Number of protein chains: 2
Amino acid sequence: MESTAPLPAKGRPREFCVDEALSKALGVFWAKGYEGASMADLTDAMGITKPSLYAAFGNKEALFHKALDLYEAEKLAYTREALKQPTARGVAEHFMRGAIEAQTSTCDPKGCLGVISAAACGAEAESIKADVIARRASSQEALIERFRQAKRDGDLPDHVEPESLTLYLYAILQGMAVQSGSGASRAELERVVETSLMMWPTA
Amino acid sequence: MESTAPLPAKGRPREFCVDEALSKALGVFWAKGYEGASMADLTDAMGITKPSLYAAFGNKEALFHKALDLYEAEKLAYTREALKQPTARGVAEHFMRGAIEAQTSTCDPKGCLGVISAAACGAEAESIKADVIARRASSQEALIERFRQAKRDGDLPDHVEPESLTLYLYAILQGMAVQSGSGASRAELERVVETSLMMWPTA
DNA sequence: TCGATTCCATAACAATCAGTATATATGCGT
DNA sequence: ACGCATATATACTGATTGTTATGGAATCGA
């Protein structure tokens, strides 16, 4: 294996920052969806030409997967933080309040890239959908495990199943994403969160 | 105003049934989204040629709005039934179980056309999105009014706000649509519903 | 049977799609 | 200074997008 350290750099050096360009691409995919984002949109926002894009990222699909990596790493960091909260209720609250922040930030597109990409369902986007669904499943698995721990902690009532509670919480989060992507205000999303927390099961 | 009764029918009669063709078009939009559905897809499924489509429906956008009308009238009929349930809890349960039926029927595409169309966010689809959002708002208004009545009936706790409860229930419904559109099984959706009902506020 | 009228079918339209071929520019080691 | 390797810029590819013009076919009232 080769280190990622600065290699000798044989040929002509590229004139743009790959990470920065990827971040711009993420913004376009987030705002317009996978199919809605054209290569012209992408190269425009990234400030590079098409051959440069293909050389650096492969093709549109590969670019999207890398943008999804970045999205998970940066914009979904709060989900990993949420799992560390001491109570199941705290976990849920951190998830939902983090979702509000991520989905209504004024410097980012509205809504959730995962939900947008899973809902956009052209035929060519099947591999995109599969990737998003797989990532969601793995993220749900972590939450299920966290709720199992909560039950062992006596933090959740006996009659609550971690799998069901996870599906339920994810439904709320996805619903919030749909609403924020449809122009819902932060105040409206907060009402959803307050209502959810009001009903959260107590041990 | 002219009656819709069979006019003398001046020229050559059309060789296809408009309602049937519209129903086929709805299926395509439902399965592939507004932007994902091409005119070729549509004419293929409808069994007509492009000029016939344009003559009968105007253009792609007008066709979509009419398909949305049909969707509301046929596939969302359960929501009007739900509002008639005697208790707020019954209303919510009817909404959610109706959503399961509508979103996992084996003879229809999975998921909810409204959610799919609101999430698909190309630039050209702005008018589509606006239509879907407006219809959702009007449907939410009816549910808010129903929950207000429930409060007057002493059917909901005092501290529950009809607006918040509506946003919350819609979030769950939209989340279920996202999940069913992403391959969730009926059993998984039923877990969401059971969990939601378990937490439903009692007066 | 004759317009008049409306429909269907084929083919074309300009625009856009994702992706690439070609040519030129820039850096390295030698 | 030379070749090698890589990046950039322009222009192009074939396919597909939504939409429409054209020509023939079908049904009407007269």
Side-chain angles (χ1 to χ4, degrees), chain A residues 2 4-22 24-25 28-29 32-67 117 120-128, chain B residues 2 4-22 24-25 28-29 32-67 117 120-128:
Chain A
E2 196 58 58
T4 60
L7 296 183
K10 289 248 187 127
R12 173 177 173 177
R14 62 162 48 99
E15 299 173 355
F16 65 95
C17 168
V18 175
D19 291 344
E20 197 174 322
L22 182 59
K24 296 289 190 184
V28 177
F29 282 130
K32 318 185 79 167
Y34 174 71
E35 309 202 61
S38 72
M39 296 301 292
D41 292 330
L42 290 164
T43 52
D44 253 30
M46 299 164 84
I48 63 178
T49 61
K50 279 199 268 186
S52 296
L53 191 156
Y54 278 83
F57 301 101
N59 60 10
K60 188 184 178 183
E61 183 173 330
L63 175 62
F64 181 86
H65 290 298
K66 282 167 187 162
S117 308
C121 27
E124 51 166 334
E126 213 53 49
S127 135
I128 302 300
Chain B
E2 197 59 58
T4 59
L7 295 183
K10 288 246 190 125
R12 172 177 174 178
R14 62 163 47 98
E15 300 173 353
F16 64 95
C17 167
V18 175
D19 291 344
E20 197 174 322
L22 182 59
K24 296 290 189 183
V28 176
F29 281 130
K32 318 185 79 166
Y34 175 71
E35 309 203 61
S38 72
M39 296 300 293
D41 292 331
L42 291 164
T43 52
D44 249 33
M46 300 164 84
I48 64 177
T49 61
K50 287 200 256 186
S52 297
L53 191 157
Y54 277 84
F57 301 101
N59 60 10
K60 186 183 179 184
E61 183 173 331
L63 174 61
F64 180 86
H65 291 296
K66 283 168 187 161
S117 307
C121 28
E124 52 165 336
E126 214 54 48
S127 135
I128 301 301

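Model, not experiment: these values are computed from the prediction. Quick note on labels: first sequence line is chain A, next is B, and so on, each numbered from 1.
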Met46(B) atom CE is separated from dG18(D) atom P, nearest whole Å, by 13 Å
Would you tell me if any nitrogen or oxygen in the side chain of Lys60(A) comes within less than 4.0 Å of OP1 or OP2 on dA18(C)?
yes
Whole-Å distance, Ile48(A) CD1 to dG19(C) P, equals 14 Å
- request: Taking Lys32(A) for its side chain and Ser38(A) for its backbone only, find out whether a donor-acceptor pair lies under 3.5 Å.
  value: no
Taking dT20(C), dG18(D), dC17(C) as options, the one with an atom nearest any side-chain atom of Tyr54(A) is dT20(C)
Of Asp41(B) and Gly11(B), the one whose nearest nucleotide on DNA chain D sits closer to the 5' end is Asp41(B)
| query | How is Ala56(B) classified with respect to the nucleic acid when contacts are heavy atoms under 4.0 Å: base, sugar-phosphate, or nothing? | reply | nothing
Q | Check: Lys10(B) side chain, dT6(C) base, donor-acceptor under 3.5 Å | A | no
Atom NZ of Lys32(B) and atom C1' of dG18(D) are separated, to the nearest Å, by 15 Å
Comparing Ala55(B) with Gly36(A), nearest DNA chain C nucleotide closer to 5' gives the residue Ala55(B)
Between Glu61(A) and Ser127(A), the two heavy atoms sitting closest are OE2-OG, 2.6 Å
In terms of heavy-atom contacts, Ala37(B) and Val28(B) come closest through CB-CG1, 3.7 Å
DNA chain C nearest-nucleotide lookup for Met39(A) and Pro51(A): closer to the 5′ end is Met39(A)
### Query
In terms of the angle between their ring planes, are Tyr34(A) and Phe64(A) parallel, tilted or perpendicular, with boundaries placed at 30° and 60°?
perpendicular
When all nucleic acid strands are considered with a 4.0 Å heavy-atom cut-off, which category describes Pro13(B): base, sugar-phosphate, or nothing?
-> sugar-phosphate
Using only heavy-atom distances, decide whether a donor-acceptor pair under 3.5 angstrom links the side-chain of Arg12(B) to the base of dA26(D).
no
| message | Taking 4.0 Å as the cut-off, does a side-chain nitrogen or oxygen of Arg14(B) come that near to OP1 or OP2 on dC7(C)? | response | yes
Using OP1 and OP2 only, check whether a side-chain N or O of Ser52(A) sits under 4.0 Å from dT8(D). yes
Phe64(B) CZ to dT19(D) P, in whole Å, measures 14 Å
Phe16(B) CZ to dA9(C) P, in whole Å, measures 10 Å
Between Glu15(B) and Glu61(B), the residue closer to the 5' end of DNA chain D by nearest nucleotide is Glu61(B)
All heavy atoms of Tyr54(A) vs all of Met39(A), minimum pair found to be CE1-CE, 3.3 Å
Can you tell me if the side-chain N/O atoms of Ser38(A) get under 4.0 Å from OP1 or OP2 in dC17(C)?
-> yes
